[in-house]
Amino acid sequence: MINLNEHICADEVSMSKRVAELPSDEVLLRICNIFNALQSETRLKILFLLSGSDLCVRELELALKVSQSAISHSLRILRQLDLVRVRKEGRFAVYYIADEHVQQLINTCNEHVMEE
């Protein structure tokens with residue numbers, strides 16, 4: 001007869017250390033919000049377009065063939081999550097990728113999907 005106590009697949013001490021290293025609940029929630037935002041094809045397309053160059057709302061509207069309000073809504077969500085940022089150039093708001101981490105996230109996801 002097999003004694004189940006002899007065949008333990010989990011090291012409780014090791015697992016306790018790993019659990020202690022998990023990001024905080026606040027950080028995990030922020031990460032979840034980012035991944036939720038990336039479930040939108042429009043928002044993903046915006047990120048890919050902005051990874052090529054900084055663009056204004058009208059340029060995004062022309063490129064994606066969606067309404068200005070849909071673009072603005074998507075940009076607002078991306079801005080709230082600090083995935084994109086905006087600067088004023090005269091009377092235009094120009095959007096751009098927030099930082100290298102966002103660019104890496106987009107590139108890494110694309111590379112993962114394109115792997116054969």
Side-chain angles (χ1 to χ4, degrees):
M1 185 172 198
I2 297 176
N3 182 347
L4 293 178
N5 290 330
E6 292 178 17
H7 298 285
I8 298 174
C9 71
D11 174 3
E12 197 170 326
V13 173
S14 174
M15 288 310 299
S16 292
K17 287 179 183 176
R18 291 180 71 185
V19 168
E21 294 171 353
L22 286 172
S24 70
D25 289 345
E26 179 183 338
V27 170
L28 288 171
L29 178 61
R30 291 177 67 192
I31 293 169
C32 285
N33 289 338
I34 289 171
F35 280 104
N36 284 336
L38 299 180
Q39 291 183 48
S40 160
E41 283 186 35
T42 299
R43 288 190 287 269
L44 281 173
K45 287 176 182 178
I46 289 171
L47 289 174
F48 275 104
L49 288 168
L50 293 178
S51 71
S53 65
D54 303 353
L55 300 168
C56 70
V57 174
R58 180 67 179 141
E59 290 169 314
L60 290 167
E61 185 181 347
L62 291 171
L64 299 177
K65 298 188 180 6
V66 296
S67 70
Q68 182 271 332
S69 63
I71 296 291
S72 293
H73 175 73
S74 290
L75 286 168
R76 184 173 62 253
I77 291 169
L78 294 172
R79 281 183 64 202
Q80 288 170 342
L81 295 167
D82 197 30
L83 298 175
V84 301
R85 295 184 183 148
V86 63
R87 71 174 178 277
K88 290 286 188 178
E89 287 187 7
R91 50 178 227 193
F92 297 103
V94 178
Y95 291 85
Y96 59 97
I97 296 292
D99 60 32
E100 187 58 34
H101 298 112
V102 178
Q103 187 65 55
Q104 289 173 357
L105 178 63
I106 297 165
N107 292 342
T108 300
C109 287
N110 190 47
E111 289 169 11
H112 176 71
V113 170
M114 300 305 289
E115 282 181 342
E116 294 193 32

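Just so you know, these numbers come straight off a predicted model, no measurement behind them. Throughout, residue positions are numbered sequentially from 1 according to the sequence presented.
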Hphob cluster co-occupancy, Tyr96 + Ile77, side-chain heavy atoms under 4.5 angstrom: no
From Cys109 atom SG to Leu44 atom CG, the distance as rounded to the nearest 0.5 Å: 8.0 Å
Residues Arg43, Leu83; criterion side-chain contact (heavy atoms from CB on, under 4.5 Å); working and verdict: CA-CA 10 Å; Arg43 288 190 287 269; Leu83 298 175; over 6 Å; no
Cationic N near anionic O, under 4.0 Å, Glu61 to Arg58: yes
Residues which pass salt bridge (charged side-chain N to carboxylate O under 4.0 Å, His left out) with Arg76, listed by chain and number, not counting sequence neighbours: none
Path from Ile34 to Leu28 over hydrophobic side-chain contacts below 4.5 Å: no
Leu81 reachable from Ile46 in the ILVMFWY side-chain graph, under 4.5 Å edges: yes
Without placing hydrogens or testing angles, list every side-chain donor-acceptor pair under 3.5 Å for residues 63-70, not counting sequence neighbours.
from, atom 1, to, atom 2, distance (Å)
Ser67, OG, Ser69, OG, 3.1
Ser67, OG, Ala70, N, 3.1
Gln68, NE2, Ser72, OG, 2.7

From CA spacing to verdict: side-chain contact (heavy atoms from CB on, under 4.5 Å), Leu47, Ser51: CA-CA 6 Å; Leu47 289 174; Ser51 71; over 6 Å; no
Nearest-0.5 Å distance, CD1 of residue Ile71 to CG of residue Leu55: 10.0 Å
Neighbour count >12 (heavy atoms, 6.0 Å) for atom CZ, Arg18: no
For Arg30, all residues meeting salt bridge (charged side-chain N to carboxylate O under 4.0 Å, His left out), sequence neighbours excluded: none
Pairwise side-chain contact, Glu89 with Asp54, heavy-atom cut-off 4.5 Å (strictly under): no
Residue list, side chain to side chain contact (heavy atoms under 4.5 Å, CB included) with Thr108, at least two apart or on another chain: none
Leu50 vs Leu78 side-chain heavy atoms within contact, under 4.5 Å: no
Cluster overlap Phe48 with Val113, hydrophobic side-chain contacts below 4.5 Å: no
Test item: side-chain donor near acceptor, Asn107 and Gln103, under 3.5 Å: yes
Interatomic spacing from CD in Glu59 to SG in Cys56 - rounded to 0.5 Å: 4.0 Å
Partner set under salt bridge (charged side-chain N to carboxylate O under 4.0 Å, His left out) for Glu41, not counting sequence neighbours: none
Partner residues of Arg79 under the side chain to side chain contact (heavy atoms under 4.5 Å, CB included) criterion, sequence neighbours left out: Val84, Val86, Tyr95
Atom CD of Glu26: over 12 foreign heavy atoms under 6.0 Å: no
From CD (Glu21) to OG (Ser16), nearest 0.5 Å: 11.0 Å
Pairwise distance CG(Asp82) to NE2(His101) - rounded to 0.5 angstrom: 11.5 Å
Val102 backbone acceptor or donor facing Asp99 side chain under 3.5 Å: yes
